[in-house]
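Data first, discussion second: the structure below is written as structure tokens.
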Amino acid sequence: MASIVLKRTQQKMPVVGFGLWKVTKSTCADTVYNAIKAGYRLLDGAGDYGNEKEAGEGVRRAIADGLVKREDLFITSKLWNTFHAHDHVKQITKMQLGLWGIDYFDLFLVHFPIALKYVDPSHRYPPEWFGDDGKVYTQNTPMHETWGAMEELVDEKLAKNIGLSNCQGSLILDVLRYAKYEPQVLQVELHPYLTQEALVKLCKTFSIAVTAYSSFGPQSYVELGVDKGTPSLLKHNVTSAVAKNHGKTEAQVLLRWATQRGIAVIPKSNDLGRLSANLDCNSFDLSETELAALSALNINLRLNDPADIDGRLAIFA
């Protein structure tokens, strides 16, 4: 399986993983089990997804059935915004590990560079974006405090690798100035409608691996009603023409557009056929002309923007 070697630890991170965002609790254990059975070895979760316990059940069953050993898997999770304070980072990480039923995360990311008011997990978990009254409450916790606590997770072997998500260049450079352990991975929204070429170039300069989420663009956001009325990349004539050229699906083309340039992807599907097809996205190469044609679709369309929730959270301004 194609992988990216992470700089500090030299651990191999699979280029194609299985994303757990929006995987429902009722189906999550079976979905994770089937993904592992199909050949997936990277599982990308988060506290905010609300399905870590169920994902862990799928992992335990796969291990019990002899499909994999724990060390064969690369499990990613993320620190939610309400747990940025130093003393909360370790507390919630241990709780999340408990939900998964594992001893360590292969990768633990700061989900957003946004600190929100602490919500005790016994009161509400996952806490999401809002207080009990439906309002957003920010908290003045600087990133250097959060990152220092993330580094302690490495020292205590709770996380092998740590990284960032939804961060732009200036904040990445700031973290690099004081980091004892540099971010190993940056996970961001990235697809032909949002190519983020300068950000990808910066990460390559500092040997920070990039993982793309929402590889299919608006598709993931239609059911949420926040696709911003943009035509589907899966039905775009450019994507369809490239897919026809190679005898592949449009989804495979969109994933290959990223992986061929050394960017990891974490697609999700509940359909076993598509699940296997997505994993097989590295079985062909796009021409430079095809890569350029897909990149030319860029319109800087950002579908996951916290500014849409509250103007004070405009981290991409």
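Quick caveat, the model's predicted, so the values are computed rather than measured.
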- prompt: Between Tyr181 and Asp155, is any side-chain donor less than 3.5 angstrom from a side-chain acceptor?
  reply: yes
*asked:* I'd like to know whether Gln196 forms a side-chain contact (heavy atoms from CB on, under 4.5 Å) with Arg302, so could you lay out the CA-CA distance, the side-chain angles of the two residues, the decisive distance to 0.1 Å, and finally the verdict.
replied: CA-CA 10 Å; Gln196 304 221 64; Arg302 191 179 298 281; 3.6 Å; yes
TODO: Evaluate whether atom NZ of Lys25 has more than 12 neighbouring non-hydrogen atoms of other residues, nucleotides or ligands under 6.0 angstrom away.
DONE: no
When every non-hydrogen atom of Lys7 is compared with those of Gln184, the smallest separation belongs to N-OE1, 3.4 Å
> Can you get from Leu202 to Leu171 by hopping between Ile, Leu, Val, Met, Phe, Trp and Tyr side chains that sit under 4.5 Å apart?
Replying inline: yes
Within the structure provided, determine whether Ile36 and Asp72 are in side-chain contact (heavy-atom separation under 4.5 Å). no
_So for atom CG, which belongs to Asp271, do other residues, nucleotides or ligands contribute more than 12 heavy atoms lying within a distance under 6.0 Å?_
yes
Quiz item: Would you call the rings of Trp129 and Trp80 parallel, tilted or perpendicular, where under 30° means parallel and over 60° means perpendicular?
Solution: perpendicular
Notebook entry, point to check: Is the Tyr193 to Trp257 ring centre distance short of 6.0 Å?
Noted result: no
side-chain contact (heavy atoms from CB on, under 4.5 Å) test vs Met13 passes for just one of Val5, Asp106, Leu6, namely Leu6
When you compare the side chains of Lys228 and Tyr221, does any donor N or O come within less than 3.5 Å of an acceptor on the partner?
no
Q. Are the side chains of Val242 and Lys248 in touch, meaning some heavy atoms are under 4.5 Å apart?
A. no
Hey, is NZ on Lys180 packed in by over 12 heavy atoms from elsewhere, all under 6.0 Å? yes
Rounding to 0.5 Å, atoms CG (Leu194) and OG1 (Thr230) come to a distance of 11.0 Å
Practice task
Please confirm whether the backbone N or O of Thr31 pairs with a side-chain atom of Asn34, one donor and one acceptor, at under 3.5 Å?
Solution key: no
task: Please determine, by modelled atom types, if His246 and Glu290 share a side-chain donor-acceptor pair under 3.5 angstrom.
output: yes
On a heavy-atom basis, the closest approach of Ala179 and Trp147 is CB-NE1, 3.5 Å
Distance col, row Ile162:CD1 vs Leu109:CG, nearest 0.5 angstrom, shows 9.5 Å
| With a 4.5 Å limit on heavy-atom distance, are the side chains of Leu233 and Gln219 in contact? | no
(message) Under 4.5 Å between side-chain heavy atoms, counting indirect links through other Ile/Leu/Val/Met/Phe/Trp/Tyr residues: same cluster for Tyr125 and Val119 or not?
(response) no
task: Give the cluster check for Tyr33 versus Val23: same hydrophobic cluster or not, with ILVMFWY residues linked at side-chain heavy-atom distances below 4.5 Å.
output: yes
message: Can you confirm if the NZ or CZ of Arg70 lies within 45° of the ring axis of Tyr104 and under 6.0 Å from the centre of its six-membered ring?
response: yes
Minimal heavy-atom distance between Pro267 and Gly17, with the atoms involved, is CD-O, 3.2 Å
Indicate whether any N or O donor in one side chain lies under 3.5 Å from an N or O acceptor in the other, for Thr141 and Gln139.
yes
- Are Val68 and Val16 connected, step by step, through hydrophobic side chains (Ile, Leu, Val, Met, Phe, Trp, Tyr) whose heavy atoms are closer than 4.5 Å? yes
| Chi angles and distances behind the salt bridge (Lys or Arg N to Asp or Glu O under 4.0 Å) call for Lys201, Glu197 | CA-CA 6 Å; Lys201 184 177 179 181; Glu197 289 163 9; over 6 Å; no
Closest non-hydrogen atoms of Leu107 and Gly163, given as atom of the first, atom of the second and distance, are CD1-N, 4.2 Å
Within the 4.5 Å heavy-atom criterion, are Phe83 and Pro121 side-chain neighbours or not? yes
Side chain of Asn51, backbone of Leu20: donor and acceptor closer than 3.5 Å? yes
(Q) What verdict does the side-chain contact (heavy atoms from CB on, under 4.5 Å) test give for Met1 and Leu279, after you've listed the backbone C-alpha separation in whole Å, the side-chain angles of each residue and the deciding distance to 0.1 Å? (A) CA-CA 9 Å; Met1 178 180 290; Leu279 187 61; 4.2 Å; yes
Closest heavy-atom pair, Ser77 versus Gly47, reported as atoms and distance to 0.1 Å, is OG-N, 3.8 Å
Could you tell me if Asp44 and Gln187 have a donor-acceptor pair between their side chains, going purely by distance under 3.5 Å?
yes
CE (Met150) and CG (Leu158) are apart, to the nearest 0.5 Å, by 11.0 Å
Margin query: With clusters defined by side-chain heavy atoms of hydrophobic residues (ILVMFWY) lying less than 4.5 Å apart, directly or transitively, does Leu199 cluster with Ile4?
Written below: yes
Ser215 and Leu254 have their tightest heavy-atom pair at O-CB, 3.9 Å
Checklist entry - Between the side chains of Ser122 and Asp120, does any donor sit under 3.5 Å from an acceptor? => result yes
I'd like to know if the side chain of Gln11 reaches the main chain of Lys160, judged simply by a donor and an acceptor atom lying under 3.5 Å from each other, with no hydrogens or angles considered.
no
